[in-house]
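Here's the structure we're looking at; comments come further down.
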Amino acid sequence: MTRATRVRALFALAILALSTFLALTQPARLGLDLRGGTQLVLETRDSPTAEADREATDRTLEVLRRRVDALGVSEPNLSRAGDHRIVVELPGLDDPDEAAEVLGRTAQLTVHPVLGTAAPGTATGRTAPADGSTVLPDDAGTPLRLGPAALTGAEVRRAAAEFDGQDGSGWSVGLTLHGAGERAWARLTGKAACAAPDDPARRAAIVLDRKVISSPRVETSVACGVGITGGTTRITGGFDQHAAQELALLINGGALPVPVDIVEQRAVGPTLGALAITSSAQAAVIGVALTAVFITVVYRLLGALATLALACYALISYAALLALGATLTLPGLAGFVLAIGMAVDANVLVFERAREEYAAGPHARPRTLRSALAAGFRNAFSAIADSNVTTLLAAVLLFFFASGPVRGFGVTLCIGVAASMVSALLVTRVLAECAVALRPVRRRPRLTGLADLGRVRSWLSRRRPDLMRHRRRWLALSGAALLLAGSGIAVRGLDYGVEFTGGRMVEYTTTRPVDAERARAALGTAGLDRAQVSTSGDRTLTVRTERLSAAQLTAAGRVVDELGGGAQKVRDELIGPSLGEELRRGALVALGLALLAQLGYLAVRFRWTFALSAVVAMAHDVVVLVGVFAWLGKPLDGVFLAALLTVIGYSVNDSVVVFDRVRELRGAGRGTPFPDLANTAVLQTVPRTVNTGMGAVFILAALAALGGDTLTDFALALLIGIVVGTYSSVFTATPLAVVLERNGGASPRRSGRLPARRGGRPDRWDTGARV
């Protein structure tokens, strides 16, 4: 074992030990569908300045969503019920009273100049009509006369809890102002600085919900008429850590447009029954087992070691989710299982490159298993890095610019990318290097799976098809697919799920307890196959579904009555979308920025023609997937959104792998026509594409067949996306790059802009040497 291998082994063991510790000591936070949680019903009411109409309730819901995100609760469910009520469901929250306190606060932050003190006994809280002043007691109980608000929380860019142990102030909340707020703060403090040091007018009062929480005195170093510039200040007031963090959370979340009252708080059961959870878990186990068998059959000993590395990947990813406090839902767990299949990709890239290097004997000196494996890791690193960086760009932008489940998807995606890199480039490498160093393995190289080209590569080496010769035909076929998908969207329309459109929520009390899974199955038989069912207590059943006709509502009541031995409807309300307009707008902005970032990165790393081709192929995949769902009449809901984001990442990764090989071949084969280079790159990467796709298909097929109704559409969307993404990387992105290169790209003689990968051997390259 070399020194480098020993260092990698120690690093891998340290990561696995830490992951094992977290997995054994940290409890998993399960979502509403798996565990249930806390349900709060809030009701908006009129304020002196605003009416609690439907629009105000919708704006209040978006503010509450930002507060819930700041609380660290992942995968919450918020929806408007009627015109004045908001239903908030928080999965696995340990302290529902804290959530109720934070969500119920109006959080109206204002900053006022202090005009002076009022006489003891003066009535507080009233605004004087003469000068607009208000009397409020400070934190010591002294009544202060406050002038009209100089600035509000709307001018605060960011609030953060801070600790300063040097000056003895302890915990405080730092405010960063922007725009008009920065100028207003300078004017306010500049005027206060003109007062005498002991004059109350030298103070500024910070008021939250008409209560003075801090009234700091402007320091004598501040010049009169100049004030405090820079747009930063601190709120002090004897806060402990919890109070400072809660205040920062409220300020960052924004003020509620209208006050809210908590009219109901209770625990709710999981929306999925035990049978659905069990069947989905069985499907996941079967799918992962089939993937492990497949990769072991294809790559033999190294495939078995890669399977062990994938188990380590699962452990690392799970530990990271626990460390971040992420909430695990059933679709999220399915995506997590799918990521295990997708993590096969990095291993397949390495093994296929190692196969090529080992088979290069006739063109160079004979390869040993160790040198071929080292070259495989070295030459595959560029493709692995580029594909993962493009995915990380999208994930980071989704996290910063989106919210709700889209933001949670970005977190999961970041974890998956980092864990797959550790699994493939660290754990797999250590295991593989130790294996090929064994004498029995060196004597029987075919045991490793590297000593033969594999069936797909062998078939391609015999046939040598010229796929790029018919590039315009492939592009025409892609255009026809887009036309067919677009016609489905235009003719059939998009069937948005209840998360996007809203629907109806009906609550029943039953004579005897009713299992949520049995109720869902019975409602599906009655024609309500998309109903979301949850229980609260022993005899309360809630059905959330699309807008119902009178006949459907009667049928639903009949089903619940039969199951519960008698039922009484206690609530029937129209509910708004849980994925509201602001969330959808944020998701679209995040996706747009992600596309631009990926386009820029690929243009820098490759060429603008490659970047544009990859993004066009990704857009092709999105339109085709949405169009197929439109033709099938499937709903576009939150689960479909997660699948769509996964397909986007898969599509870009596939195209990047092909273009990475084009770049390598172009640097080594100067003067070769670009269509020949592109065709060779496609043929060389087809084995990787087939083997990676098969690994994911096994898992998805098991989820679609055995995962139950909840995961069927999720698995179907991903199956379609993987098939279309594989097709588009070969028959859309690459032919389009060829056309763009011939029309507007550089000529082959200028291909020196794309250097050969370090370690390549240009002297033995030809268009078919590695196929």
Query raised in the report: What do the steps show when you test Asp621 against Tyr727 for side chain to side chain donor-acceptor pair (under 3.5 Å), and what is the final call?
Result: CA-CA 9 Å; Asp621 299 343; Tyr727 168 86; over 6 Å; no
Requested in this report: Evaluate whether atom CZ of Arg442 has more than 12 neighbouring non-hydrogen atoms of other residues, nucleotides or ligands under 6.0 angstrom away.
Outcome: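 Above 12, so yes.
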**Report entry** Test side-chain contact (heavy atoms from CB on, under 4.5 Å) applied to Phe640 and Val626, step by step
**Finding:** CA-CA 9 Å; Phe640 176 83; Val626 174; 4.0 Å; yes
Report task. Decide, yes or no, whether a salt bridge links Arg661 with Glu356 under the criterion of side-chain N to carboxylate O below 4.0 Å. Result ->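 Salt bridge between Arg661 and Glu356, a charged N being under 4.0 Å from a carboxylate O: yes.
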Query raised in the report: Does a salt bridge link Asp660 with Arg605, judged by any charged N lying under 4.0 Å from a carboxylate O?
Result: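 Arg605 and Asp660: not salt-bridged.
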Query raised in the report: Would Asp676 and Arg469 satisfy salt bridge (Lys or Arg N to Asp or Glu O under 4.0 Å), going step by step from the backbone distance to the final call?
Result: CA-CA 9 Å; Asp676 294 341; Arg469 178 183 178 184; over 6 Å; no
Looking at [X] and [Y], what are the two nearest heavy atoms and their distance?
| X | Y | answer |
| --- | --- | --- |
| Ala424 | Phe377 | O-CE2, 3.4 Å |
| Val730 | Pro735 | O-CD, 3.1 Å |
| Pro675 | Arg742 | CG-NH1, 3.9 Å |
| Ala12 | Val427 | CB-CG2, 4.3 Å |
| Arg300 | Thr448 | CB-C, 4.2 Å |
| Phe629 | Leu636 | CB-CD1, 4.2 Å |

Quick one: are [X] and [Y] in side-chain contact, heavy atoms under 4.5 Å?
| X | Y | value |
| --- | --- | --- |
| Leu349 | Arg353 | no |
| Phe731 | Leu477 | no |
| Leu13 | Val430 | no |
| Thr428 | Leu305 | no |
| Arg607 | Arg666 | yes |
| Tyr299 | Val348 | yes |
| Val293 | Phe698 | no |
| Leu467 | Leu683 | yes |

Does [Y] offer a backbone N or O that forms a donor-acceptor pair with the side chain of [X] under 3.5 Å?
| X | Y | answer |
| --- | --- | --- |
| Ser19 | Ile15 | yes |
| Ser728 | Gly725 | yes |
| Thr685 | Val682 | yes |
| Thr692 | Thr689 | no |
| Ser651 | Val647 | no |
| Arg443 | Pro440 | no |
| Trp474 | Leu736 | no |
| Asn679 | Pro465 | yes |
| Ser655 | Ala614 | no |

For the atom pair [atom1] ([X]) and [atom2] ([Y]), what is the distance rounded to the nearest 0.5 Å?
| X | Y | atom1 | atom2 | answer |
| --- | --- | --- | --- | --- |
| Ile648 | Leu625 | CD1 | CG | 9.5 Å |
| Leu716 | Leu632 | CG | CG | 6.5 Å |
| Ile316 | Leu321 | CD1 | CG | 12.0 Å |
| Phe674 | Thr609 | CZ | OG1 | 6.0 Å |
| Lys634 | Thr712 | NZ | OG1 | 7.0 Å |
| Thr291 | Leu700 | OG1 | CG | 9.0 Å |

**Report entry** Parallel, tilted or perpendicular, as decided by the 30° and 60° cut-offs, for the rings of Phe610 and Phe659
**Finding:**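 Rings of Phe659 and Phe610: parallel, under 30°.
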Is it the case that the side chains of [Y] and [X] hold a donor-acceptor pair, with the cut-off being a distance below 3.5 Å and no angle test?
| X | Y | answer |
| --- | --- | --- |
| Thr368 | Ser371 | yes |
| Gln598 | Thr390 | no |
| Ser382 | Arg663 | yes |

**Report entry** Derivation and outcome, side-chain contact (heavy atoms from CB on, under 4.5 Å), residues His620 and Val724
**Finding:** CA-CA 9 Å; His620 164 275; Val724 175; 3.8 Å; yes
Requested in this report: Take Val344 and Met694 through the test side-chain contact (heavy atoms from CB on, under 4.5 Å) and record every step on the way to the result.
Outcome: CA-CA 10 Å; Val344 172; Met694 289 297 295; over 6 Å; no
**Report entry** Tyr601/Asp386 under side chain to side chain donor-acceptor pair (under 3.5 Å): CA gap, chis, key distance, verdict
**Finding:** CA-CA 9 Å; Tyr601 177 81; Asp386 284 331; 2.8 Å; yes
Report task. Run the numbers on Asn691 and Ile295 for side-chain contact (heavy atoms from CB on, under 4.5 Å), then give the verdict. Result -> CA-CA 8 Å; Asn691 291 338; Ile295 195 174; over 6 Å; no
